[in-house]
2 protein chains.
Amino acid sequence: MTAPLHEAHPAGPGRVLPDTQQGMRRRNLARVMHSVSAEGPLSRAAVASRIGLTRAAVSTLVDELIRTGLLEELGPERPGRVGRPGSALAVSGHGPAGIGAEIGVDHLAVCAVDLRGQVRARAVRHGANRGCSPEPVIEELTGLVRRVVAEAEREGLWPAGLAVAVPGLVARDARTVVRAPNLDWRDTDIGALLPTDIPLTVDNEANFGALAELWLGERTPHDFLHVSAEIGIGAAVVVAGGLLRGTRGFAGELGHVPVQPEGPACPCGGRGCLEQYAGEEAVLRAAGLEPGEDRVGLLAGRAAEGDEDVRGALREAGKALGIALTGAVNLLDPESVVLGGALAGLAPWLLPSLEAELDRRTAGPACPVSVSRLGPEGPLLGAAHSVVRAVLDDPAAVAERA
Amino acid sequence: MTAPLHEAHPAGPGRVLPDTQQGMRRRNLARVMHSVSAEGPLSRAAVASRIGLTRAAVSTLVDELIRTGLLEELGPERPGRVGRPGSALAVSGHGPAGIGAEIGVDHLAVCAVDLRGQVRARAVRHGANRGCSPEPVIEELTGLVRRVVAEAEREGLWPAGLAVAVPGLVARDARTVVRAPNLDWRDTDIGALLPTDIPLTVDNEANFGALAELWLGERTPHDFLHVSAEIGIGAAVVVAGGLLRGTRGFAGELGHVPVQPEGPACPCGGRGCLEQYAGEEAVLRAAGLEPGEDRVGLLAGRAAEGDEDVRGALREAGKALGIALTGAVNLLDPESVVLGGALAGLAPWLLPSLEAELDRRTAGPACPVSVSRLGPEGPLLGAAHSVVRAVLDDPAAVAERA
DNA sequence: ACTAATTTGTAAACCGCCATGACGAAATAG
DNA sequence: CTATTTCGTCATGGCGGTTTACAAATTAGT
C-alpha cells in the first residue's frame, strides 16, 4: 500500500493524484465515500448537493462503489417531506476491514474494524513482552491476527490493510522499529517478521492514539495537541486534520522541552527537560514508589485513595506539563489540548495544576484542556481506523484489490 | 481575489478547486506556471515530462497562458542535444505584477514585482510613523502605491494585487489591523482607508518575512522555523511550504514561551517568558542602553565596536533564544531554524550562545541554524511575492481580470 | 553531403467524465 | 384525484487529456 500514513497535508479526500480525468474520478469516488461515511445514510441527491456534483454524476459514482462492495443500498427512506423519497446509501458493513494491532509493553491486541467504524472482531493476549526478543512476540501477534482475520472473514469482511502500533520510534518506511526502549528492541523489521500478504503499516502508538482522538473523539477539533505518556512524553501535533511528523519523523517530543533550564540532567543531553518532572520515573520517585509493573495503575490507585505523597507528585507533574504546554500552545495556537494515553487516567490529579499554570501564563482565554475518553483503546482503534481512512481516501485503489 | 493568504495546507498548486473538468484545467494551468517559474526557460516537452501530462495537452495549456499574457515564447533553444530543439517558454515579464507595501515603524515602502520575481519599481519614504494616526500614514502610503503602480504600468505591467505588511496583529479577514503596539494602532481597517481597486491583503510583517525566506531563500527547506523580532519575538512556523497560522491566527508566539518558569513577570501574565530575556527592551536594559530610535542598529554598532556590555547582553539573549528554540525544535522537528528580521543583523553575537544551547540540549545532531540574507527587505518582498504566488497558484483567476 | 535517428510541436480522432435537460417514479398537498 | 415536489436515470453534449500520426528541425554517422 502506498503510504496510508496520515500526514498533515494531504488530509482527507484532497489527496494528490495525477490531474487527469481518472484522477478526478478517483477523487470524486473518495468524496462520495467520505460524505456517506461522515453523515450517515444519505440519498444520492443528498450526496450530490453536499459534494457539489450533479445527481447524474453521483449516480454513476455510487453504482461503481456498490459494484465494488464499498457502499450498500439500504432501501427507500421514509421521510415526512414531499417528493419521491431517496434511496438510502450507507457504507458497506461487508466490504473491506481495517485490521489494527498493538504491541504493548505487557499485552498484544488485534481488532478488525469495518468501514462503518464498528469493531467486528478482536483478540487480546496479556503478558509482559518487555525484554522478549521480537521473533516470538511477533509470532504470537501473527496468530492473533490470523484469528481476527478469520473471524472477520466469517462475517463477510476482507482485510484491506494491517496497521501495527508499537511503543517506539518507527522509521519512515513505516515498517521498521528503530528503537523501542520499553521492549528493548532495535532496528526490528516488523514487515519481515510478520508473514502476511495484507498491506502493512507500522507507526508509533502515540500517533495512532492521536489519530483515534481525531477520528473518534466526540468534539475533537481539526487542530489540537494530543499529549500522551507511554514511552516518554509525546505530543502529537494535529494540524488541519493531519499529523505533523517533522522532517525526520521526530516531531512531538514534548518530553524534552526545557522546563527549568538548569534543572536535573536528562539522558538526552539537556537539563530540566519535562520528562525530569513529569516522566513516569520522576513521578514515581517523587511519590516515593518503586518502579515496577503497571506503574500507572498504581499511581492512579494511590491517588484515588488519597495518598498525599502521590497526589503531590502528580500536582508537580501537572505544573511542569502546564509550563511545557504553555510554550507549545504559544507556538501552535491549537484549538485544544487533549490528554490521552496514561495521562488520561491520571487527569483528575494532573489537571488542576496543569490548567492553573496554563491559565496564569496566557493572556486572554487559555487553550482548553480536555481528557480523551478513548482511554487505553486509543492506539489500537487508531491503527484499525487508519486503514479504514485509507480506503475512504482512495476507494478506487482498494476496489482493484477486492 | 479569494484568499491569496498562503496557509499551511493548500500549499502550491494542490489548491482545492471543485473537482470538475474546469477545476482540473485550472490546476493544470497552475502546474504549468509553477514548473516554468521554478525551472527557468523550458520547452513544452520539458514541461510535459515534468508535470506528467502529454505534450499535446501542455501545448493547449501553454497556448492559453500565452494568450492571456502569463507566459512568453522566447524562441528556439540551441542545445547540443539531438532532435528538434524546443521553443523556450518563460514566465512573462509584461503581465501581472504583485505590489508589496510595508508600513514600518519608521518608514513606508512599496515595490512592484513581476512574475519572474524581478523588482521593477519601488518607492520609499523614511520618517517615523510611531504614534501617528492611521489616516495620514495610509494616505502617504497610497501616494507611494500610486507612484509605483504608474511606474510599473509604464513598463507594461498591471497590478494583480496589493499586499501590505504591518508590524502588528492582523484579523482573519486580512484587512484589519487588530493591534499594532509600535504604531499605537487598534482595529484599523486598512482596506477602508486605502482607496484602490487593486485586490488587497494585509498580514503581519513577520509572516511575510518568513514567506520571503521560503520563496526567495537560497537553500531554504520546505519545513522550517523563521524567527524574527520586530514586535516581540515571533516564530513563523512553515510546514510543507505553507504558513501555520493557528486556530485564532496567533501561532508563532515564541516570545511568550517560558524560559525560566519563575523568572520576571511579563505583561502577558506569565513569568520568565523569552521576551523578558531576548526582547528588545530587555536586551537594551541588560546592555545598559536607553531605549530610543533605531535601537537595533545601535546594538549592532556597539557590538561591532567590541562593547563588552552589549556583547554580554546579546550572549545572554542568544542563550534564552536557544532554550526556547530547543522546545520548539523538539516539538516540530523542522529542517532548520532561520534567524530573520532584526535578529539577522545581530546574529554574529547571538549565534554562538544560541547554537551552544541548542546543541547541548539535543540528542543527536542539532537542528541547523542559519541567518536570512534577505535582511530588512524580507517583509516587503514577501508581500509582493505573495501576490505573484497567488497568480501562479491560479492563473485562470487572474486571466479573467486581465 | 546525404541519410538515419531523435526530438519537438501540432492536428485529428478518440475516450472518459461531468453537466444539461427530459423523463418516469414515488411521495405530499390541497 | 390532480398538482407539486423530489428522486433516480437516460440520452445528449461539451470539455479535457490521450493516442496516433506527421511534419519540422536538429545531431550522428558514413
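Every chain is numbered from 1, with letters handed out A, B, ... down the list of sequences.
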Sequence-aligned protein contact record of nucleotides 1-15 of chain C, with B where the base is within under 4.0 Å of a protein heavy atom and S where only the sugar-phosphate is = -----BBBBBB----

Rounded to whole angstrom units, what separation is found between the [atom1] atom of [X] and the [atom2] atom of [N]?
{"X": "A:Ile66", "N": "D:dG8", "atom1": "CD1", "atom2": "C1'", "value": "12 Å"}
{"X": "A:Glu77", "N": "C:dT28", "atom1": "CD", "atom2": "C1'", "value": "15 Å"}
{"X": "B:Asp19", "N": "C:dC17", "atom1": "CG", "atom2": "P", "value": "12 Å"}
{"X": "A:Leu53", "N": "C:dC18", "atom1": "CG", "atom2": "C1'", "value": "8 Å"}
{"X": "B:Gln22", "N": "C:dC18", "atom1": "CD", "atom2": "P", "value": "13 Å"}
{"X": "B:Arg27", "N": "D:dC15", "atom1": "CZ", "atom2": "C1'", "value": "14 Å"}
{"X": "A:Arg31", "N": "C:dC17", "atom1": "CZ", "atom2": "P", "value": "16 Å"}
{"X": "B:Arg25", "N": "D:dG14", "atom1": "CZ", "atom2": "P", "value": "17 Å"}

Between A:Gly52 and A:Arg78, the residue closer to the 5' end of DNA chain C by nearest nucleotide is A:Gly52

So, are [X] and [Y] salt-bridged, with charged N and O less than 4.0 Å apart?
{"X": "B:Glu77", "Y": "B:Arg84", "value": "no"}
{"X": "A:Arg120", "Y": "A:Glu151", "value": "no"}
{"X": "A:Asp19", "Y": "A:Arg27", "value": "yes"}

Short side-chain N/O contact to C:dC18 OP1/OP2 from A:Asn28, under 4.0 Å |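 Yes, because at least one side-chain N or O of A:Asn28 sits under 4.0 Å from OP1 or OP2 of C:dC18.
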
A:Arg81, CZ: over 12 other non-hydrogen atoms inside 6.0 angstrom |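 Atom CZ in A:Arg81 is not crowded, with 12 or fewer foreign heavy atoms closer than 6.0 Å.
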
Greater than 12 external heavy atoms within 6.0 Å of A:Arg248's CZ = yes

Can you name the residues that form a salt bridge (Lys or Arg N to Asp or Glu O under 4.0 Å) with A:Glu335, not counting sequence neighbours?
->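 If we apply the salt bridge (Lys or Arg N to Asp or Glu O under 4.0 Å) test to A:Glu335, skipping adjacent residues, there are no hits.
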
